[in-house]
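All remarks here apply to the structure that follows.
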Number of protein chains: 2
Amino acid sequence: MIFRRTLERAGRRWSGAILYAGVAGARRFVEYRRYVHGISDRLLTQRLRELERQGFIEREVVPTMPVQILYTPTEVGAELVAALQPLGEWGRKHYDLIEKAPE
Amino acid sequence: MIFRRTLERAGRRWSGAILYAGVAGARRFVEYRRYVHGISDRLLTQRLRELERQGFIEREVVPTMPVQILYTPTEVGAELVAALQPLGEWGRKHYDLIEKAPE
DNA sequence: GAAGTCACTTACCAATAGTGAGTTGCTAAC
DNA sequence: GTTAGCAACTCACTATTGGTAAGTGACTTC
């Protein structure tokens, strides 16, 4: 079912938050790391690569000295984040349920 | 961040699909198993327990012979599924991206 | 009395995630 | 001219999660 696949892809650990950071303005590796609190370098690298492969962000190497690497959300990536807004609303409304409740 | 926690809780493997099945009318264990294609008994048990602990479904034992066990989505559970509708729309729109694309 | 259903549980292995340290190529400070 | 630092990674190791398959006990149907 598409619903399940979509939800589980977007809901993969860190993926949504990384995309969200991109939409919020993050571009460089360190910026993403600052936005996405708690993620390790290893997983940030891995997720950025996945999101690139899946077409949600674009990777661009700027040959300055030292090189800059920019990760920019694509059109679909931004649309996906937009589609997640109601879920964000729900989360804020039920703050205690998701922030205080057991795993 | 709430957004991340919410998304990752809903996006945990099988969780969203199970809740969705409940909203779609599933009540008994075997019904959920039929709705959520591909899930194993082990994980269905585990997820139903988690969803109950988190307050998304209610477990009720009906002392017939043999016993029936009914899992019913709560109000918040149903609201969560409703909040996920736009994501479902997005998924259907970008079908090929999520169904054909690389992991 | 053999086979089947419901709602699980157990054991085992594979895949994914977390932690922490190391690396390369540069610049700036002491 | 060694030391320190940053950006963007990579590697090795452990812990957690998920998948597969089989088993269980109370009951029903043929």
Side-chain angles (χ1 to χ4, degrees), chain A residues 1 4-19 21-22 25-54 57-73 101-103, chain B residues 1 4-19 21-22 25-54 56-73 98 101-103:
Chain A
M1 196 202 211
R4 182 165 87 81
R5 297 254 286 163
T6 308
L7 176 56
E8 289 175 9
R9 176 162 297 187
R12 189 164 191 198
R13 203 155 255 175
W14 307 110
S15 291
I18 292 171
L19 250 190
R27 287 298 172 268
R28 305 187 58 179
F29 190 89
V30 278
E31 290 169 12
Y32 280 92
R33 200 171 48 194
R34 268 196 292 273
Y35 271 89
V36 184
H37 192 72
I39 195 171
S40 67
D41 285 10
R42 184 174 90 70
L43 284 192
L44 181 52
T45 305
Q46 198 174 108
R47 287 295 177 276
L48 285 169
R49 292 272 153 80
E50 284 167 11
L51 291 168
E52 189 198 359
R53 227 171 40 240
Q54 296 164 1
I57 55 168
E58 271 176 3
R59 183 176 193 267
E60 182 196 353
V61 179
V62 184
T64 47
M65 191 67 76
V67 289
Q68 282 190 25
I69 292 163
L70 303 182
Y71 299 95
T72 317
E103 305 285 317
Chain B
M1 197 203 211
R4 181 166 87 81
R5 297 253 286 162
T6 308
L7 176 56
E8 289 175 11
R9 176 162 298 188
R12 188 163 191 197
R13 202 156 254 176
W14 308 109
S15 290
I18 291 171
L19 250 191
R27 287 298 171 268
R28 304 187 59 178
F29 190 88
V30 277
E31 290 170 10
Y32 280 92
R33 198 171 51 196
R34 267 195 292 274
Y35 271 88
V36 184
H37 192 71
I39 195 171
S40 68
D41 286 10
R42 184 172 88 74
L43 284 192
L44 181 53
T45 305
Q46 198 175 107
R47 287 296 176 276
L48 285 169
R49 292 272 153 79
E50 284 168 11
L51 290 168
E52 188 198 359
R53 225 169 45 238
Q54 296 164 359
F56 296 127
I57 56 169
E58 271 176 4
R59 183 176 192 268
E60 182 197 353
V61 179
V62 184
T64 48
M65 192 65 76
V67 290
Q68 282 190 25
I69 292 164
L70 303 182
Y71 299 95
T72 316
I98 74 122
E103 303 286 316

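Residue numbers begin at 1 in each chain, while the letters A, B, ... track the order of the sequences. Here the structure is a predicted model, which means the values were calculated and not measured.
- Checking dA7(C), dG19(D), dA17(C) against the side-chain heavy atoms of Asp41(B) singles out dA7(C) as nearest.
- Between the side chain of Gln46(A) and the backbone N or O of Arg42(A), no donor-acceptor pair lies under 3.5 Å.
- Across the protein-nucleic acid pair, Arg33(B) atom CZ and dT20(D) atom C1' stand 15 Å apart, rounded to whole Å.
- A salt bridge is absent between Glu8(B) and Arg12(B); no separation between the charged side-chain nitrogens and carboxylate oxygens falls under 4.0 Å.
- Residue-to-nucleotide contacts include no donor-acceptor pair under 3.5 Å from the side chain of Arg13(A) to the base of dT16(C).
- With rounding to whole Å, Gln46(A) atom CD is found 13 Å from dC9(D) atom P.
- Using a 4.0 Å cut-off, no side-chain N or O of Arg59(B) falls inside it from OP1 or OP2 of dA7(C).
- Checked by distance alone, Arg42(A) brings a side-chain donor or acceptor within 3.5 Å of a matching partner on the base of dT19(C).
- Distance alone, capped at 3.5 Å, is enough to place a donor-acceptor pair between the Thr45(B) side chain and the Asp41(B) backbone.
- Between Ile39(A) atom CD1 and dG20(C) atom C1' there is a gap of 16 Å when expressed in whole angstrom units.
- Per the geometry, CZ belonging to Arg12(A) stands 10 Å off P belonging to dG18(C), to the nearest Å.
- Between Arg47(B) and Glu50(B) there is a salt bridge, since a side-chain N of the basic residue sits under 4.0 Å from a carboxylate O of the acidic one.
- For Leu48(A) and dA8(D), the CG to C1' distance is 10 Å, given to the nearest whole Å.
- In terms of modelled atom types and a separation under 3.5 Å, the side chain of Tyr71(A) and the main chain of Glu52(A) share no donor-acceptor contact.
- Considering only side-chain N and O atoms, Tyr71(B) lies under 4.0 angstrom from the phosphate OP1 or OP2 of dC8(C).
- Remark: P of dG18(D) and CD of Glu50(B) are 7 Å apart, rounded to the nearest angstrom.
- In this structure, Arg49(B) reaches the dT9(C) phosphate: one of its side-chain N or O atoms is under 4.0 Å from OP1 or OP2.
- The 5' end of DNA chain D is approached more closely, in terms of each residue's nearest nucleotide, by Thr45(A) than by the other of Arg47(B) and Thr45(A).
- The residue among Pro66(B) and Leu43(B) whose nearest nucleotide of DNA chain D is located toward the 5' end is Leu43(B).
- The side chain of Arg28(A) places no N or O atom within less than 4.0 Å of a non-bridging phosphate oxygen (OP1 or OP2) of dC6(D).
- The distance from atom OH of Tyr32(B) to atom P of dC6(C) is 16 Å, rounded to the nearest whole Å.
- Atom C1' of nucleotide dC9(D) and atom CG of Leu70(A) are separated by 16 Å, given to the nearest angstrom.
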